[in-house]
Amino acid sequence: MDLALWFASRATGLVALPLLTLSLVLGIVAAGRMASERWPRFALAALHRNISLMTVLFLAVHVSTSIIDPYAGIGWLDAVVPFTSVYRPLWLGLGAIALDLLIALLVTSLLRTRISVRLWRAVHWAGYACWPIALAHGLGIGGKDSGLGWVISLNVCCVLVVGASLIVRLRGGGHPDTAVRRAASHGGR
């Protein structure tokens with residue numbers, strides 16, 4: 001049973017990274033107001049929301065199986081309070097920070113209609129921190145499977161996809177009225 005828990009924890013962590021990557025990329029695309037006739041903004045928003053929820057589901061299983069598995073002796077508190085675990089405190093602490101940020105993103109998204117747009121947006125900027133922290137957690141805490149070619153390729157692909165989406169976003173690719181809105185918000189400057 002312990003081996004099954006270990007495999008479940010590793011597998012769900014390895015699946016959660018590309019899901020988190022896709023969620024971040026869709027968020028970047030949505031923030032840039034990028035859309036097309038084939039993929040209108042409402043479809044991108046729905047896909048972002050569903051991928052984000054799937055990410056949360058895989059992370060819930062990842063964290064739960066890590067805690068239930070007696071090998072590392074990780075407690076529920078260790079999963080949410082950074083750097084308190086006796087098992088690889090730095091790397092597990094990074095995982096706890098990423099989880100805490102993700103919980104904040106989830107809670108503010110669920111409360112989006114009840115909180116200010118400014119607060120929601122400020123918390124959603126945490127998504128840009130959550131992803132690299134989660135990536136560092138996976139790279140640092142991984143066992144022998146971290147050196148496998150396909151795991152390295154998975155990590156490299158995730159980094160390349162996020163990097164490419166950030167470049168596109170920073171270059172200003174997006175909806176045609178984005179520049180007009182930006183200029184209007186800066187007083188026509």
Side-chain angles (χ1 to χ4, degrees), residues 5-31 48-112 115-116 118-147 151-152 154-163 165-166 169-170:
L5 289 170
W6 184 85
F7 278 120
S9 176
R10 291 298 294 160
T12 53
L14 287 168
V15 171
L17 179 64
L19 288 173
L20 185 61
T21 299
L22 184 55
S23 176
L24 177 64
V25 168
L26 289 169
I28 291 168
V29 167
H48 173 64
R49 182 177 50 253
N50 290 332
I51 294 294
S52 298
L53 290 173
M54 200 174 345
T55 303
V56 169
L57 177 67
F58 273 87
L59 282 176
V61 175
H62 172 66
V63 171
S64 298
T65 54
S66 297
I67 292 167
I68 295 168
D69 184 2
Y71 172 75
I74 300 168
W76 288 103
L77 199 59
D78 299 328
V80 292
V81 179
F83 313 114
T84 58
S85 175
V86 294
Y87 178 77
R88 300 187 183 184
L90 173 63
W91 304 114
L92 194 64
L94 290 175
I97 291 170
L99 179 64
D100 293 345
L101 290 171
L102 195 69
I103 290 169
L105 291 167
L106 175 67
V107 168
T108 55
S109 291
L110 293 173
L111 297 174
R112 186 171 183 181
I115 62 174
S116 72
R118 178 176 275 168
L119 174 61
W120 177 85
R121 189 170 289 138
V123 173
H124 256 67
W125 276 95
Y128 289 101
C130 180
W131 181 83
I133 293 170
L135 177 68
H137 160 75
L139 292 172
I141 207 161
K144 291 181 182 178
D145 56 344
S146 294
V151 174
I152 293 169
L154 176 77
N155 289 321
V156 168
C157 285
C158 288
V159 169
L160 291 175
V161 167
V162 168
S165 66
L166 285 172
R169 171 76 169 101
L170 293 173

Table please: side-chain donor-acceptor pairs of residues 14-24 below 3.5 Å, with sequence neighbours left out.
unit_1, atom_1, unit_2, atom_2, d
Thr21, OG1, Leu17, O, 2.8
Thr21, OG1, Trp131, NE1, 2.8
Ser23, OG, Ser52, OG, 2.7

Q) Can you list the residues that meet the side chain to side chain donor-acceptor pair (under 3.5 Å) rule with Asp145, with sequence neighbours excluded? A) Arg10
Q | Name of the residue among Leu154, Ile152, Val159 meeting side-chain contact (heavy atoms from CB on, under 4.5 Å) with Val156 | A | Ile152
Identify every side-chain donor-acceptor pair in residues 86-108 under 3.5 Å, counting partners at least two apart or on other chains, and give the distances.
unit_1, atom_1, unit_2, atom_2, d
Arg88, NH1, Ile141, O, 2.7
Thr108, OG1, Ala104, O, 2.9
Thr108, OG1, Leu105, O, 3.2

Q: State the OG-CG distance between Ser116 and Leu111, to the nearest 0.5 angstrom.
A: 11.5 Å
Q: Taking side-chain contact (heavy atoms from CB on, under 4.5 Å) as the test, write out the residues that go with Leu139, two or more places apart.
A: Leu135, Asn155
Would you mind writing out the side-chain donor-acceptor pairs for residues 118-130 within the sub-3.5 Å range, not counting sequence neighbours?
unit_1, atom_1, unit_2, atom_2, d
Trp120, NE1, His124, ND1, 3.4

Extract all donor-acceptor atom pairs below 3.5 Å that involve side chains of residues 69-81 and protein atoms in other chains or at least two apart in sequence.
unit_1, atom_1, unit_2, atom_2, d
Asp69, OD1, Tyr71, N, 3.2
Asp78, OD1, Thr84, OG1, 3.1
Asp78, OD2, Gly75, N, 2.8

**Q.** Gap between atom NE2 of His62 and atom CD1 of Ile67 - 0.5 Å precision
**A.** 9.5 Å
Q) Can you name the residues that form a side chain to side chain donor-acceptor pair (under 3.5 Å) with Ser66, not counting sequence neighbours? A) Ser9
